[in-house]
Structure formats: structure tokens, C-alpha cells
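First the structure, in the form of C-alpha cells, and then the observations on it.
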Amino acid sequence: MTGDVITDCYRGYIACLNSRNWPELGRFVHDEVHYNGKFVGLDGYRQMLEGDVQAIPDLQFNIGLLIAEPPHVAAQLRFACTPTGDLFGYAVNGKQVAFTENVFYEFGEGKIRNVWSVIDKAAVGDQL
């Protein structure tokens with residue numbers, strides 16, 4: 001995959017997440033995906049994302065920074081959202097918070113195969 005192809009694929013993945021088009025997730029995520037070093041598989045990855053959206057109904061993934069060096073993509077995702085209960089151990093309970101996620105992806109066979117994520121959880125606590 002070239003840099004343009006991999007970034008187009010990644011942007012399609014983000015659009016899929018933001019539209020909650022879960023049946024299409026397999027177009028972008030490999031069946032054998034790993035998350036932070038653990039095998040979760042496509043079904044486990046989808047369940048994780050669906051759980052995130054259940055806890056944060058207005059969750060939208062906004063790309064702040066995107067760098068591609070195939071087969072890798074690095075992104076800073078920005079969030080401004082209103083969790084319904086606790087988030088990262090903080091009682092947010094309907095307050096709007098903003099935070100970022102620094103995430104690295106490795107593509108294999110044209111799909112996301114590995115995901116390494118670091119979320120700025122302290123930013124949520126600083127806003128409460």
C-alpha cells in the first residue's frame with residue numbers, strides 16, 4: 001500500500017466508526033486484529049467499539065494528526081464528547097470533556113492488523 005492508499009483506507013475506517021456502520025468494519029479491520037498486544041479478533045474489536053459508543057453516545061473520531069509510513073499509520077485522534085457515566089475512572093456523568101488518543105496502526109493484507117493506543121486519561125480528570 002502506498003501512503004495515499006493507506007491514508008484513504010484509514011479515513012474510510014474513521015468514517016465507518018463515525019457512521020456506526022459496524023457491518024462494514026471488516027472492510028478495514030483484519031479478522032485477526034490485535035489491540036495493545038492482545039488478540040481480540042474482529043468480533044472483539046467491534047464489541048469494544050460498540051461499548052465505547054454505548055458509554056459515549058455522541059462519540060466522534062476526529063483526526064488531528066495523521067502520518068503514514070506504510071505499512072504503518074500514526075494518528076492523534078481528538079474527542080469532545082459527553083459520556084453518560086464514568087470514563088477512565090472519572091465520574092463524568094453527562095459533562096462534556098475533551099481528550100486525545102495517540103494511536104498507531106499496522107496494516108496487513110490491506111486491513112488494520114495491529115492497534116496500539118494511548119489515551120490521555122488525565123485530561124478528563126483535569127476538566128472535572
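Glu50 CD to Arg46 CZ: the interatomic distance, rounded to the nearest 0.5 Å, is 4.5 Å. Of the inter-residue distances, the one linking Lys95 atom NZ with Cys81 atom SG reads 14.0 Å to the nearest 0.5 angstrom. Going from atom CZ of Arg20 over to atom CG of Leu59 covers 5.5 Å, rounded to the nearest 0.5 Å. Expressed to the nearest 0.5 Å, how far CD of Gln76 lies from CG of Asn102 amounts to 5.5 Å.
Between Ile56 and Leu87 the shortest side-chain heavy-atom distance falls below 4.5 Å. Within the 4.5 Å cutoff, the side chain of Leu49 has no heavy atoms near those of the Val53 side chain. Between Leu42 and Leu25 the shortest side-chain heavy-atom distance falls below 4.5 Å. Two residues are said to be in side-chain contact when any heavy atoms from C-beta on lie closer than 4.5 Å; Leu66 and Thr7 meet this criterion.
In this structure, Pro70 and Thr2 approach most closely via the heavy-atom pair CG-C, 3.6 Å. For Phe28 against Cys16, the heavy-atom pair with the smallest separation is CE1-CB, 3.8 Å.
Under the 3.5 Å distance criterion, the side-chain polar atoms of Lys111 are left unmatched by any main-chain donor or acceptor of Arg27. Of the possible polar contacts, one joining the Asp58 side chain to the Thr82 backbone as a donor-acceptor pair under 3.5 Å is found.
The salt bridge (charged side-chain N to carboxylate O under 4.0 Å, His left out) check on Glu101 picks up nothing, with sequence neighbours excluded. Residues passing the side-chain contact (heavy atoms from CB on, under 4.5 Å) test with Asn93, sequence neighbours excluded: Asp86, Ala91. When the salt bridge (charged side-chain N to carboxylate O under 4.0 Å, His left out) test is applied to Glu106, no partner is found at least two apart in sequence or on another chain.
For residues 64-99, every residue pair satisfying the ring-ring contact (aromatic ring centres under 6.0 Å, His included) rule, not counting sequence neighbours, is listed here: Phe61-Phe79, Phe79-Phe99, Phe88-Phe99. Listed by first and then second residue, the ring-ring contact (aromatic ring centres under 6.0 Å, His included) pairs involving residues 35-60 are His34-Phe39 (not counting sequence neighbours).
Phe104 and Leu77 fall into different hydrophobic clusters, defined by Ile, Leu, Val, Met, Phe, Trp and Tyr side-chain heavy atoms under 4.5 Å apart, directly or through other members. Each of Ile67 and Phe107 belongs to its own hydrophobic cluster when Ile, Leu, Val, Met, Phe, Trp and Tyr are linked at side-chain heavy-atom distances under 4.5 angstrom. Placement of Trp22 and Ile112 within a single hydrophobic cluster is found when ILVMFWY residues are connected by side-chain heavy-atom separations under 4.5 Å, directly or transitively. Val103 and Val40 fall within a single hydrophobic cluster, where Ile, Leu, Val, Met, Phe, Trp and Tyr side chains are chained together by heavy-atom contacts under 4.5 Å.
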Cut-off 3.5 Å, no hydrogens considered: what does the side-chain donor-acceptor table look like for residues 121-128, sequence neighbours left out?
| unit_1 | atom_1 | unit_2 | atom_2 | d |
| --- | --- | --- | --- | --- |
| Gln127 | OE1 | Ala98 | N | 2.9 |
| Gln127 | NE2 | Ala98 | O | 2.4 |
| Gln127 | NE2 | Ala123 | O | 2.7 |

